[in-house]
2 protein chains.
Amino acid sequence: MIKSRNTGYLQYKSFGLVLQALVIMAKKGDTCSSCEIAELLSMEATQLRRILAKLTREHILVTREGRDGGYVLNKKPEDLTLAEIYRALEVGESCNKAVNDTICGNDFGVQMKMACGDILEEMDRSVLGVLEQYTVADLVRKAGY
Amino acid sequence: MIKSRNTGYLQYKSFGLVLQALVIMAKKGDTCSSCEIAELLSMEATQLRRILAKLTREHILVTREGRDGGYVLNKKPEDLTLAEIYRALEVGESCNKAVNDTICGNDFGVQMKMACGDILEEMDRSVLGVLEQYTVADLVRKAGY
DNA sequence: GGATCATTACTCGGATACGCCGTGTCCGAGTCTCCCGGG
DNA sequence: CCCGGGAGACTCGGACACGGCGTATCCGAGTAATGATCC
């Protein structure tokens with residue numbers, strides 16, 4: 001078993017936060033600063049920025065610095081599926097990693113890795129299959145308004 | 001946003017560890033002490049006990065104390081699905097909770113909770129659907145020898 | 001009036017301390033096994 | 001030989017410290033808007 005501290009549960013939290021942030025951006029349809037989003041979510045602006053930076057690296061968001069800057073969606077909400085977000089935040093990867101890190105390198109570990117690998121992949125595909133069916137626009141609609 | 005520390009990523013880790021432990025028990029088909037399992041997994045026996053205690057509470061395992069005691073499966077491996085284990089460890093619940101805890105109680109939060117609730121449930125059902133198809137006996141077989 | 005440029009205000013993202021959860025270690029309660037003595 | 005009882009040993013699970021990750025705060029680099037100045 002690999003001796004690694006918890007790395008990754010934060011991904012699930014990030015997923016929840018990002019979904020909300022994206023809905024806010026989609027509703028406004030214009031650049032949103034991290035401060036105004038953070039206030040709506042009752043959280044720290046810096047933490048939100050750290051999370052949104054990941055989406056920027058994946059070109060889901062575009063940042064505009066300077067006065068009246070902020071984040072803008074790089075795609076239309078109806079073209080942005082939740083699966084893309086899930087992948088960008090590496091939620092599935094971190095879950096997979098969490099399980100795999102519990103498997104040590106001895107013979108038994110190698111056997112278990114073979115046995116679990118397929119199932120873990122199937123779980124991941126299954127979740128992504130669900131998330132492919134929803135877009136940010138769907139969330140906006142479901143949220144009312 | 002509820003101010004709560006991370007509670008739950010450990011569930012995924014536990015899932016991986018428990019899968020291995022159950023395979024070991026199924027292979028042996030007899031009572032296994034936490035020590036011998038922990039040694040195979042290169043981990044602390046106490047940590048393993050903490051996790052297996054959950055399965056005992058759910059009557060998936062039975063503990064035998066005293067000399068030559070340990071843990072025994074309460075069902076035949078071919079009747080024990082991975083979904084039961086997933087549920088017993090509350091993996092899905094903790095993921096769900098992680099996302100929901102990011103949603104604060106203001107009006108926007110209420111809207112988001114409505115919008116996300118169905119999707120989160122669907123994700124959970126999807127994962128459980130996959131795990132229903134596999135049993136511990138399948139893992140033992142896939143692990144080869 | 002229109003263009004140019006310095007100032008300003010506001011943004012994002014990295015660096016640094018603090019706090020809580022997960023981990024490691026230890027110990028007690030409980031019970032099954034084993035061995036010995038007696039019938 | 002068979003049975004009962006006590007010692008022993010090994011088990012699980014709860015209690016108590018330590019360390020690392022997540023969080024919060026701060027600050028610097030960068031850029032777009034603004035207003036003044038000049039043509």
Side-chain angles (χ1 to χ4, degrees), chain A residues 1-17 21 25 28 30-39 41-72 74 89 94 97-98 101-102, chain B residues 1-18 21 25 28 30-39 41-72 74 89 94 97-98 101-102 104:
Chain A
M1 175 174 175
I2 298 173
K3 306 282 183 185
S4 76
R5 283 315 253 219
N6 269 348
T7 60
Y9 191 53
L10 147 116
Q11 270 79 4
Y12 251 95
K13 236 174 180 172
S14 301
F15 187 64
L17 291 170
M25 293 184 208
K28 187 172 180 187
D30 199 357
T31 62
C32 298
S33 77
S34 63
C35 291
E36 56 180 301
I37 300 176
E39 190 164 6
L41 303 186
S42 307
M43 67 181 295
E44 300 293 324
T46 304
Q47 186 184 359
L48 180 65
R49 280 201 285 269
R50 259 195 285 271
I51 299 172
L52 294 184
K54 287 187 179 180
L55 298 187
T56 303
R57 279 194 286 273
E58 298 295 325
H59 305 291
I60 293 176
L61 292 180
V62 177
T63 61
R64 279 169 45 86
E65 291 194 349
R67 186 178 171 139
D68 299 335
Y71 298 90
V72 197
N74 200 21
L89 294 176
S94 74
K97 185 178 180 304
D101 282 356
T102 65
Chain B
M1 176 176 175
I2 297 174
K3 305 282 184 185
S4 78
R5 276 326 246 212
N6 269 349
T7 61
Y9 191 52
L10 145 116
Q11 269 80 3
Y12 251 95
K13 237 175 180 172
S14 301
F15 187 64
L17 291 169
V18 162
M25 294 183 207
K28 188 174 180 187
D30 199 356
T31 63
C32 298
S33 77
S34 63
C35 290
E36 58 182 299
I37 300 177
E39 190 163 5
L41 304 186
S42 306
M43 66 181 296
E44 300 293 325
T46 303
Q47 187 184 359
L48 181 64
R49 282 201 285 269
R50 264 196 282 267
I51 298 172
L52 294 184
K54 286 186 181 181
L55 298 187
T56 304
R57 280 195 285 273
E58 299 295 323
H59 306 290
I60 291 176
L61 292 179
V62 177
T63 62
R64 278 169 46 88
E65 291 196 347
R67 187 178 168 139
D68 298 337
Y71 298 90
V72 198
N74 199 21
L89 294 176
S94 76
K97 185 178 178 307
D101 281 357
T102 63
C104 72

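Note that the coordinates shown come from a computational prediction; the quantities given were computed from them, not determined experimentally. So you know, we letter chains A, B, ... as the sequences are listed, proteins then strands, and number each from 1.
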Euclidean distance, atom OH of residue B:Y12 to atom P of C:dG22 [Å, nearest integer] = 17 Å
message = Using whole Å, what does the distance between atom P of nucleotide C:dG13 and atom CD of A:Q47 come to?
response = 15 Å
From C:dT23, D:dA24, D:dT23, nucleotide with atom closest to A:E44 side chain = D:dA24
Identify every side-chain donor-acceptor pair in residues 50-71 of chain A under 3.5 Å, counting partners at least two apart or on other chains, and give the distances.
unit_1	atom_1	unit_2	atom_2	d
A:T56	OG1	A:L52	O	3.1

ask   = How many angstroms lie between NZ in A:K13 and OG1 in B:T102, if you round to the nearest 0.5 Å?
value = 8.5 Å
ask   = Between C:dG24 atom P and B:L10 atom CG, what is the distance in whole Å?
value = 12 Å
Contacts of type side chain to side chain donor-acceptor pair (under 3.5 Å), residue A:E39, not counting sequence neighbours = none
query = To the nearest angstrom, how far is A:K13 atom NZ from D:dA24 atom P?
reply = 8 Å
query = Considering only heavy atoms from C-beta outward, does the side chain of A:M25 approach that of A:I37 to under 4.5 Å?
reply = yes
key: Nearest-Å distance for atom pair CD1/P, residues A:I51 and C:dG14   = 14 Å
ask   = What string of B, S and - do you get for nucleotides 6-13 of chain D, 5' to 3', when a contact is any protein heavy atom under 4.0 Å?
value = ---SBSBB
query = What is the distance from CE of A:M43 to C1' of D:dT25, rounded to the nearest Å?
reply = 14 Å
key: From CG (A:L48) to OG (A:S33), nearest 0.5 Å   = 9.5 Å
request  = With sequence neighbours left out, write down each residue that passes side chain to side chain donor-acceptor pair (under 3.5 Å) with B:S14, or none if nothing qualifies.
outcome  = none
inquiry  = Please report the distance, rounded to the nearest Å, between CG in B:L48 and P in C:dG24.
reply    = 12 Å
inquiry  = Could you tell me how far apart B:K54 (NZ) and D:dG14 (P) are, to the nearest whole angstrom?
reply    = 13 Å
